[in-house]
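This is a predicted model, so every value here is computed, not measured.
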Amino acid sequence: MRIADVGNLVKRPQGGGSKQSNFKLSRYTCYLTAMNGDPRKPEIAAAQTYFAVKTRMAETASFDVNYESLNAMITAALEKSLNPITQQLKEIQEQMQSVPGIKPKRPWTLPASTPPEQVPADYVQLEDGSWLSPEGYESILRQSRRSLPWDLRRDGFN
């Protein structure tokens, strides 16, 4: 909610002047003021009518949904949210390789440049073209379950 004082100086014909208070309201502030005002006053009644009509127009407007751009936005958001998990997977792989005698049987991720004939059949291709193993998926799933609050994990939302 924003209210800005944009007062101005009113000049008098005799000279001098006085400051007049004037405020600029955001649309949301106008809406709140109008909806909580006394509808018996004509200005408030007109404002309430205006907002009621505009709200109804917004509710009944048909929107042309561009599914391609919507899909691209969702994909970008998912990729952005998966970046920390991918980084953690790489760090876990590096740590496991540094422990003597313990190595994963196969890598959890494969780069997008991996030829398809070299990708095991149970790997899943991700949006960025890279490949994820079932073990990697299970690790991500376990980690996401651990990030849930205890009461949700206890109640079986995992």
State which residues pass side-chain hydrogen bond (donor to acceptor under 3.5 Å, both in side chains) with [X]; sequence neighbours excluded, sorted by chain then number.
X	answer
Glu91	Gln87
Ser130	Asp128
Asn83	none

Only counting residues at least two apart or in another chain, list the ones meeting ring-ring contact (aromatic ring centres under 6.0 Å, His included) with Tyr50.
none
Kindly write out the residues that satisfy salt bridge (Lys or Arg N to Asp or Glu O under 4.0 Å) with [X], not counting sequence neighbours, or none if the list is empty.
X	value
Arg27	none
Glu59	Arg56
Glu135	Arg106

Measure the spacing between CD1 of Ile140 and OG1 of Thr86 and express it to the nearest 0.5 Å.
6.5 Å
Here the gap from Ser26 atom OG to Leu32 atom CG, rounded to the nearest 0.5 Å, amounts to 8.0 Å
Can you list, by chain and residue number, the hydrophobic cluster partners of Val53 when the side-chain cut-off is 4.5 Å?
Met57
Hydrophobic cluster (4.5 angstrom, side-chain heavy atoms) - remaining members for Val119:
Leu110, Tyr123, Trp131
Could you tell me which residues satisfy side-chain contact (heavy atoms from CB on, under 4.5 Å) with Gln118, sequence neighbours excluded, listed by chain and number?
Thr114, Pro115
For Met73, enumerate each residue passing the side-chain contact (heavy atoms from CB on, under 4.5 Å) test, keeping only those at least two apart in sequence or located in another chain.
none
Determine whether a donor-acceptor pair (N or O, by modelled atom type, separation under 3.5 Å) exists between the side chain of Thr49 and the backbone of Ala45.
yes
When hydrophobic residues are tied together by side-chain contacts of less than 4.5 Å, even through go-betweens, does Tyr137 share a cluster with Val124?
no
Between Gln48 and Pro39, which heavy-atom pair has the shortest distance, and what is it?
OE1-CB, 3.4 Å
With a 4.5 Å cut-off on side-chain heavy atoms, are Leu89 and Leu132 touching?
yes
Filter on salt bridge (charged side-chain N to carboxylate O under 4.0 Å, His left out), then keep only pairs touching residues 39-50, sequence neighbours left out; what's left?
Asp38-Arg40
Is Phe51 atom CZ crowded by more than 12 heavy atoms from other residues, nucleotides or ligands, each under 6.0 Å away?
yes
